[in-house]
Amino acid sequence: ERVVGVVVGYIFLSFAAIWFGGYFIGVLCGAVLVGGELAILRSLAARRLATFMADLPVFLDKVVQLVKIGKSLRQALERANDASPLVIKAYLAPALRRIANGAPVDEALRGLAARLDIIEFHMLVLTLEANLVYGGKLASCIGFLVQILRDKQRIDRELRASTSEGRATAWLTGLLPLAVAAFEWVRSPEFAAYFFTTSQGHVMLTIALGLEGLGVLLLNRMLKVSY
C-alpha cells in the first residue's frame with residue numbers, strides 16, 4: 001500500500017508540474033523525486049546496516065559466553081539472538097530459520113554473508129568454517145574476531161572525526177548553488193523564469209543540474225574512505 005501510494009503521489013505531482021510548468025518541468029520534477037526517493041532509501045538501508053554492524057560484536061560476545069558454558073554453536077546463536085536488538089534479529093532471521101529447519105550452521109551463515117556482502121560477516125563465516133575443519137577452541141576464535149571488529153569500529157570513529165571538516169565543506173559546496181538559485185528566484189522571478197519557459201533555459205538548467213549531481217558524486221567519492 002505504501003509503494004502504491006508513493007507511485008500515485010509521484011504521478012500526480014509530475015502531471016501537476018506538467019500542467020503548470022510544461023512537459024520539461026514535469027519530467028524534471030519526476031526525475032528529481034525518483035532520484036531523491038532512491039537516495040533516501042539507500043541512506044536508510046546503509047544506516048540500518050551500520051546499526052547491525054555496530055551491534056554485531058555485542059551479539060558475538062553473547063555467543064562466546066554461551067559456548068564457554070557448554071552450549072553448542074546452534075544453541076548459542078539462538079539464545080544470543082533472543083536477547084539481541086531488533087535489527088540483529090531482523091538480519092539473522094533467515095539464517096536461523098534455515099538452521100531450525102536442519103541446515104548446517106556454516107552453510108546458513110554463508111548464505112547470509114553472500115546476501116549481505118559485508119567483509120565483517122564473511123570473516124565470521126570463515127572463522128567458523130576454519131574451526132570446523134581444523135578444530136580448536138571456538139570461543140577463542142570468535143573472541144579474537146570480536147576484538148578485530150571492535151578495533152575496526154574504533155578506527156572508523158577516528159576517521160569520521162578526522163574527516164568531519166571535509167564533510168562539512170562538501171555539504172556547504174553542494175548546497176551553495178541551490179541557495180544562490182533560490183535567492184535569485186525570490187529576488188528576480190523574471191530572470192529565474194527564463195530557465196523554465198525557454199528551450200535555451202531548459203538546456204542550461206539540465207546542464208547545471210547535471211554538473212551539480214556530478215559534483216556531489218565526486219565529493220562523496222573523495223570523502224569516502226575504504227580500507
Side-chain angles (χ1 to χ4, degrees), residues 2 38-167 170 220-227:
R2 291 182 180 179
L38 291 176
I40 292 173
L41 289 176
R42 289 189 62 181
S43 176
L44 292 175
R47 188 174 301 178
R48 191 165 182 260
L49 186 59
T51 303
F52 169 73
M53 295 310 304
D55 292 337
L56 185 59
V58 179
F59 169 78
L60 293 178
D61 262 340
K62 296 175 183 177
V63 173
V64 169
Q65 295 170 7
L66 290 167
V67 169
K68 283 182 177 180
I69 63 175
K71 301 295 183 182
S72 66
L73 179 58
R74 172 179 174 174
Q75 293 172 333
L77 289 171
E78 291 173 348
R79 295 207 176 181
N81 180 71
D82 292 338
S84 295
L86 291 177
V87 66
I88 291 287
K89 294 179 179 179
Y91 274 101
L92 294 183
L96 293 179
R97 194 179 304 116
R98 291 188 62 190
I99 293 172
N101 291 330
V105 173
D106 59 325
E107 179 182 328
L109 294 180
R110 191 187 310 118
L112 181 60
R115 184 172 67 87
L116 297 178
D117 195 24
I118 48 179
I119 186 64
E120 292 86 351
F121 212 84
H122 283 296
M123 291 171 62
L124 172 61
V125 173
L126 289 175
T127 300
L128 297 179
E129 290 179 342
N131 180 266
L132 290 174
V133 174
Y134 300 106
K137 293 183 178 180
L138 180 59
S140 300
C141 295
I142 300 178
F144 182 69
L145 176 62
V146 169
Q147 186 60 44
I148 294 176
L149 295 180
R150 285 187 168 146
D151 289 341
K152 183 179 184 301
Q153 290 178 354
R154 177 180 54 81
I155 294 172
D156 287 339
R157 289 193 297 269
E158 293 175 356
L159 283 174
R160 186 170 181 82
S162 63
T163 58
S164 59
E165 183 178 350
R167 285 185 283 108
N220 183 62
R221 181 64 61 88
M222 290 171 61
L223 292 173
K224 188 175 181 180
V225 180
S226 58
Y227 58 93

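Among all heavy-atom pairs drawn from Met53 and Gln153, the shortest one is O-NE2, 2.8 Å. Of all the heavy atoms in Pro104 and Ile99, the pair that sits closest is O-CG1, 4.5 Å. Here the closest heavy-atom approach between residue Thr127 and residue Leu145 is recorded as OG1-CD2, 4.0 Å. Across all non-hydrogen atoms, the minimal contact from Ala108 to Ala95 is CB-O, 3.6 Å.
Between atom CG of residue Leu92 and atom CZ of residue Phe52 there is a gap of 5.0 Å, rounded to the nearest 0.5 Å. Note: Leu124 CG to Leu112 CG = 9.5 Å, rounded to the nearest 0.5 Å. Atom CG of Leu149 sits about 10.5 Å away from atom CD1 of Ile119, to the nearest 0.5 Å. Here NZ of Lys71 is found 11.0 Å from CD of Glu78. Values are rounded to the nearest 0.5 Å.
Side-chain contact between Leu66 and Leu77 is absent, with no heavy atoms from C-beta onward closer than 4.5 Å. Using a 4.5 Å heavy-atom cutoff, the side chains of Leu138 and Leu128 are in contact.
Between the side chain of Gln75 and the main chain of Gly70, no donor-acceptor pair closer than 3.5 Å is present.
Annotation: salt bridge (Lys or Arg N to Asp or Glu O under 4.0 Å) contacts involving residues 118-128, sequence neighbours excluded, comprise Glu120-Lys152. The list of salt bridge (Lys or Arg N to Asp or Glu O under 4.0 Å) pairs with a residue in residues 55-65, not counting sequence neighbours, reads Asp61-Arg150. Applying the ring pair (Phe, Tyr, Trp, His ring centres under 6.0 Å) test to residues at least two apart or on different chains, none of the pairs has a partner in residues 95-132. Identified under the side-chain hydrogen bond (donor to acceptor under 3.5 Å, both in side chains) test for residues 81-94, with sequence neighbours left out: none. Applying the salt bridge (Lys or Arg N to Asp or Glu O under 4.0 Å) definition to pairs two or more places apart or across chains, none involves residues 135-145. For the salt bridge (Lys or Arg N to Asp or Glu O under 4.0 Å) condition, the pairs that include at least one residue of residues 107-116, sequence neighbours left out, are Arg98-Glu107, Asp106-Arg110, Arg110-Glu129.
Summarising the local packing, CD1 of Ile69 is surrounded by more than 12 heavy atoms from other residues, nucleotides or ligands at distances under 6.0 Å.
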